[in-house]
Amino acid sequence: MSFALPGNIEERPVAVIGAGTLGRRIALMFADRGGLVRIHDKSEEAGAAARRYVEEQLPDLVARIDGGRAGRVVVTDDLAEALSDAWLVIEAVPERLDLKKEIFGELDRTAAPDAILASNSSSYASSEFIDRVGHPERVLNIHFYMPPRQNAVDIMSDGATDPGVMELLKEELPKYGVFPFEAHKESTGFIFNRIWAAIKREALSVVAEGVSTPQDVDGMWKINMGVEAGPFRMMDQVGLDVVLDIENHYADENPHLPSGPRELLRTYVDAGHLGVKTGRGFYTYDRPDAAA
């Protein structure tokens, strides 16, 4: 089916569904060109933290961008309000397939007829949660990493996505400092994350087997790769509960994957040590939600 692409994009808001670690970072990126971004979350605490994060980070981000202008971010627990006239809606909720199916059905019913509906899912292809969607031609994955530092994104069709949607996003996203790369074939983990998953899993195995420690693995990684953070620090930033959800999904697809990495993650998650957002994971942080 063909899809009427959204018009007047510059005058319309972007909606982000979910105020978690990545939701608030996605909102930050779409607020750097002077427009309106609405964040929807039922948790008042999460919404307030998201607003605070964007307000703290936006001035520095805008100052570093050629032509950047600080936009406006509104947080609401009313989904219809968040979606009103949005040209782009990005789902950034926990990695639960049942939840995503429910949300995309509601987005399809409630969003503007020409709104593009995207999932930030890091492990589920959008084809897996469009059962209740009447217009799959406007649905796709846009997977973000850790903006505003890691600004490449994967875009991937749900199998019925209008090609015009993909081309429009390739044109529009770079205006917000977001750089899309298309996965031309459905792939669990998309492009970069599929490669990163293997690295992350092996790093977890090395620690689970008692060969090394998170700090030493990260130390070697930083020296040899010339980067500021190693795999364990990066997992803390994403959230160890999210990392575990992703690993469980990979294991569902491939039962031959080693269980050690998931067991190690489970000990941290069960203890409530989820990384930066709780103040403790593989490392300890001064305060939850610190911008690492």
CA sep, side-chain torsions, deciding dist, call: Asn248, Arg262, side-chain contact (heavy atoms from CB on, under 4.5 Å)
CA-CA 7 Å; Asn248 284 334; Arg262 300 190 301 281; 3.3 Å; yes
Please step through side-chain contact (heavy atoms from CB on, under 4.5 Å) for the pair Leu173 and Phe179, ending with a clear verdict.
CA-CA 6 Å; Leu173 292 181; Phe179 303 97; over 6 Å; no
Working for side-chain contact (heavy atoms from CB on, under 4.5 Å), residues Asp154 and Tyr145:
CA-CA 9 Å; Asp154 308 274; Tyr145 289 87; 2.4 Å; yes
Carefully, step by step, assess Glu137 and Val165 under the rule side-chain contact (heavy atoms from CB on, under 4.5 Å).
CA-CA 8 Å; Glu137 63 274 10; Val165 169; over 6 Å; no
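Under the 3.5 Å distance criterion, the side-chain polar atoms of Arg132 are left unmatched by any main-chain donor or acceptor of Asp108. Using a distance-only test at 3.5 Å, with no hydrogens or angles considered, no donor-acceptor pair links the side chain of Asp32 to the main chain of Val62. At distances below 3.5 Å, not a single donor-acceptor pair connects side-chain atoms of Thr284 with backbone N or O atoms of Arg280.
Considering every non-hydrogen atom in both Asp218 and Arg233, the closest pair reads OD2-N, 3.0 Å. Looking at every heavy atom in both residues, Phe3 comes nearest to Ala115 through CZ-O, 3.7 Å. Heavy atoms only, all atoms of each residue included: Ala152 and Phe181 are closest at CB-CE1, 3.9 Å. Residue Ala208 comes nearest to Gly260 through the heavy atom pair CB-O, 3.8 Å, listed as atom of the first residue, atom of the second, then distance. In this structure, Ala203 and Phe232 approach most closely via the heavy-atom pair O-CZ, 3.3 Å. Shown here for Ser127 and Asp158, the closest heavy-atom pair between the two residues is CB-O, 3.3 Å.
A heavy-atom distance below 4.5 Å is not found between the side chains of Leu28 and Pro147. In this structure the side chain of Pro180 reaches within 4.5 angstrom of the side chain of Pro174, judged on heavy atoms. Side-chain atoms of Leu244 and Arg266, non-hydrogen and from C-beta on, do get closer than 4.5 Å to each other. No side-chain heavy atom of Met156 sits under 4.5 Å from any side-chain heavy atom of Leu140. For the pair Thr278/Tyr285, no side-chain contact is recorded, criterion being any heavy-atom separation below 4.5 Å from C-beta on. Residues Lys170 and Glu182 form a side-chain contact, since some pair of their non-hydrogen atoms from C-beta on lies under 4.5 Å apart. For the pair Phe144 and Asn151, the minimum side-chain heavy-atom distance is 4.5 Å or more. Residues Gln57 and Pro148 are not in side-chain contact: their nearest non-hydrogen atoms beyond the backbone lie 4.5 Å or more apart.
Considering NE2 of His273 and CZ of Phe282, their distance stands at 11.5 Å, rounded to 0.5 Å. Between the CD atom of Glu186 and the OG atom of Ser126 there is a distance of 7.0 Å, given to the nearest 0.5 Å. Met220 CE to Met225 CE: the interatomic distance, rounded to the nearest 0.5 Å, is 12.0 Å. Separating the CD1 atom in Ile39 from the CZ atom in Arg24 is a distance of 8.0 Å, to the nearest 0.5 Å. A distance of 8.5 Å separates CD of Glu228 from NZ of Lys222, quoted to the nearest 0.5 Å. Here the CD1-CG distance, from Ile9 to Asp114, works out to 9.0 Å after rounding to the nearest 0.5 Å.
At a threshold of 4.5 Å between side-chain heavy atoms, the hydrophobic network of Ile, Leu, Val, Met, Phe, Trp and Tyr places Leu204 and Val211 in one connected group. Note on Leu61 and Phe30: same hydrophobic cluster, where clusters join Ile, Leu, Val, Met, Phe, Trp and Tyr whose side-chain heavy atoms are under 4.5 Å apart, directly or indirectly. Following chains of ILVMFWY side-chain contacts shorter than 4.5 Å, one cannot reach Leu36 starting from Ile26, and the two form parts of different hydrophobic clusters. In terms of hydrophobic clustering, with Ile, Leu, Val, Met, Phe, Trp and Tyr side chains grouped at heavy-atom distances under 4.5 Å, Met146 and Met235 are assigned to a common cluster.
No side-chain donor-acceptor contact under 3.5 Å links Arg25 and Gln237. Side-chain polar atoms of Thr110 and Glu106 form no donor-acceptor pair below 3.5 angstrom. Judged purely by distance below 3.5 Å, without hydrogens or angles, the side chains of Glu95 and Ser121 pair a donor atom with an acceptor atom.
When each of Asp241, Thr21, Asp236 is tested with Lys277 by the rule side-chain hydrogen bond (donor to acceptor under 3.5 Å, both in side chains), just one qualifies, namely Asp241.
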Just distance, no hydrogens or angles: give the donor-acceptor pairs under 3.5 Å from side chains in residues 188-200, sequence neighbours left out.
unit_1, atom_1, unit_2, atom_2, d
Thr188, OG1, Glu253, OE1, 3.1
Thr188, OG1, Glu253, OE2, 3.0
Arg194, NH1, Ser187, OG, 3.2

Only pairs under 3.5 Å count here: list side-chain donor-acceptor contacts from residues 65-77, not counting sequence neighbours, and write none if there are none.
unit_1, atom_1, unit_2, atom_2, d
Arg69, NH2, Arg33, O, 2.9
Thr76, OG1, Asp78, N, 3.0
Thr76, OG1, Glu81, OE1, 3.0

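Counted within 6.0 Å of NZ on Lys175, heavy atoms from surrounding residues, nucleotides or ligands total more than 12; the atom is thus considered enclosed.
Hydrophobic cluster membership for Phe129: Ile17, Leu79, Leu83, Val89, Val93, Leu97, Leu99, Ile103, Phe104, Leu107, Leu117, Tyr124, Ile130, Val133, Val139 (Ile, Leu, Val, Met, Phe, Trp, Tyr linked by side-chain heavy atoms under 4.5 Å, directly or transitively).
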